[in-house]
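Let me begin by handing over the structure; questions about it come next.
Below, all heavy atoms of this structure are taken into account, side chains as well, without hydrogens, waters or symmetry copies. Each chain gets a letter, A, B and so on, in the order the sequences are listed, and its residues count up from 1.
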Amino acid sequence: MTISAPEATTTKLENTGQLGYKKHTDGGWGLVPIQTRSERFASTNVEDFPAVTGREAVWKLTPIDRVADLIDGQLDGGEYAIDATLVNDVDVSWVDRTDARIGTAGTPEERASANAWTQFDKALAITVSGEEPKTVRVRRSELGTSPRAAHVLLEAKPFSTGLVILANAGQARLTENVEIIVGEGANLTVVTVQQWDDDAAHLASHFTTVGRDARVKHVVVTLGGSVVRVNPSTHLNAQGGEVEALGLYFADAGQHLEQQVYVDHDAPHTRSRVTYKGALQGEGARTVWIGDVLIRQSATGTDSYEQNRNLVLTDGTRADSVPNLEIETGDIAGAGHASATGRFDDEQLFYLQARGITEEEARRLVVRGFLTEIVQQIGDAELQERLEIAIEEELNGTNLSTDGR
Amino acid sequence: MAVLEIRDLHVSVETDQGSKPILRGVDLTIRKGETHAIMGPNGSGKSTLAYTIAGHPKYTVNSGSITLDGQDVLAMTVDERARAGLFLAMQYPVEIPGVTVTNFLRTAKTAIDGEAPPIRHWIKDVKSSMKNLRMDSTFAERNVNEGFSGGEKKRHEILQLELLKPTFAVLDETDSGLDVDALKIVSEGVNRAKENTNLGVLLITHYTRILRYIKPDFVHVFVDGRIAEEGGPELADRLEDEGYDRFLVGEATA
């Protein structure tokens, strides 16, 4: 083998006016990929985003052809039917685009999110006040099959406590933004449950901003739908803020379930815990988890940990798991990440079988337990029970005794 | 009278360097109600024997037999062995995330008995067994072995032994890592099971310490994958004084 030097080429110097100053060429490759998560382009106007090619960081693992109508198309941005429980100290109402809170928690970073922002007409506002713990359930199940834009505002007033469940079912072609504003000292849990019909598509961006010493628990549960992508980002921009981001997904044949989780530590002594767990079964079952954690220079004394675990139940599935950790200060209490995707743990199966439990039932117990770990942390008995039944139904569709080995 | 018979058992384990023989011809007969102690230095194959009886897939039986009342144990799956009446108290019980102790115990009991236990009886049994083992009632709602201390894991193993009521139990170094109080509690549990169900016990241990609380009828010294010497309880006393050196000298010069 011979190695020859590349032919000499003449470089044309840019005429920049200042002697010796020339823009770095970056090896002549043109655009430099964005290096830090915080520098992503953001805009509320869909026209500001170029056409999606599928090569963008935010789209490269998503089947864009299955959601093209949500990325580019005309959307219905009006009110839709909801079913909400009436609870003291919780207001659920429709507000105009001009509501002062809109745009305070975040700005779209991709085209489908901006498309929803540009076209929504009314926002659903859920406002939680009062220090007593309470649970509010908002159910959407009649969104229909025409493409729709939605905007949800979820505000926890300072020092309030509450648990908000957004339950999604039925048909949908939905792109939406959810703004979550957690006031100073508030303690809010938000659970979004996707149990859509088999052919539904749903793209959601959640933007959470967390006030001083406030705590938010954010849970994403996705079981049903053809393409479901929920991207929660949390901005810890006040001292002592804390987020616990949990996720649970179960993908069957042909389903694409995705979540891109972003935690932005932007103030001292903030804390984050991210735990997402998924199971996959059947030909073409696909899941994506991208976990970005950014610890800015301003965020001294932070403590963060993110992890993703996937349990692969059959052949023909694919799980992408991409943890990214960006740290700009040396003064942190802790930062870690973990990711694991695998089949059953043989030692767990042996332990259960050694107690007389059949292999099939042992596998069922392990999967159920694996996912229940997230369910157990939701804090609402009714929903937990409903989810455990739903997981059971998913498992009944699997033949776990032949997991492809 | 139920009997567990092990005949000329040869077992190897698969390693990266190929198949490695561990057991080299083990003969052992245990009758119901009897307690046999298997003692030996580290690496002599004691745990391999325990896991082979339970049917762990890591170990390959090359020759020999294990029978339970004449039935071929080696032909049974792991869960069939448990349902046939064999129990292994593990040295390192694994965590099962998301599966509570309550759920696990009920599922195991149902599997072993072939039917769900009558609910009121069962709750009472679980409570009293837990109390006997000085286990806090909050224990039942924790996930299996998750965040358990070493002592809690061992007590949980013995709790299962008491509730599942096997015919024969293999205790794999149940004494290791226990302080004296925990050791007494665990030993009392084993003795209760012996008394209540006339359990046959194969007690695997490195130390003689546990034999002060669980009295063996027979002691077998395990060296290099086979039984090097057998005797009554007095053999344990001798080992306490002399250690295993006597057996290892021959090894070194061989």
Just so I know, are the side chains of B:Arg83 and A:Thr358 near enough to count as touching, which here means a heavy-atom distance under 4.5 Å?
yes
Is A:Glu359 close to B:Thr77 at the side-chain level, that is, under 4.5 Å between some pair of heavy atoms?
no
Is any side-chain heavy atom of A:Tyr351 closer than 4.5 Å to a side-chain heavy atom of B:Phe104?
yes
Between B:Leu88 and chain A, which part of the residue has a heavy atom less than 4.5 Å away: side chain, backbone, both or neither?
both
Answer yes or no: are there more than 12 heavy-atom neighbours, outside A:Glu392 itself, under 6.0 Å from its atom CD?
yes
Please rank B:Gln160, B:Glu146, B:Arg81 by heavy-atom pairs under 4.5 Å with chain A and give me the top one.
B:Gln160
For A:Glu382, does the CD atom sit with more than 12 other heavy atoms under 6.0 Å from it, leaving out its own atoms?
no
Might you point out which heavy atoms bring A:Gly356 and B:Ala111 nearest each other, and give the distance in Å?
O-CB, 3.2 Å
If you compare all heavy atoms of A:Ala354 against all heavy atoms of B:Ala82, which two are closest, and at what distance to 0.1 Å?
O-CB, 3.3 Å
Does the A:Arg355 side chain pair with the main chain of B:Ala108, one donor and one acceptor, at a distance under 3.5 Å?
no
Testing the basics here: between B:Val94 and A:Gln348, what is the closest heavy-atom pair and its distance to 0.1 Å?
CG2-CA, 3.9 Å
Closest contact, heavy atoms only, B:Gly55 versus A:Phe350
C-CE1, 3.9 Å
Atom CG of B:Asp79 and atom CD of A:Glu360: how far apart are they, to the nearest 0.5 Å?
11.5 Å
Any side-chain heavy-atom pair of A:Leu365 and B:Ile96 under 4.5 Å
no
Evaluate whether atom CG of A:Asp198 has more than 12 neighbouring non-hydrogen atoms of other residues, nucleotides or ligands under 6.0 angstrom away.
no
B:Pro166, part contacting chain A, at a heavy-atom distance under 4.5 Å:
neither
Does B:Glu95 form a side-chain contact (heavy atoms from CB on, under 4.5 Å) with A:Glu347? I'd like the steps, not just the answer.
CA-CA 9 Å; B:Glu95 295 180 0; A:Glu347 294 303 320; over 6 Å; no
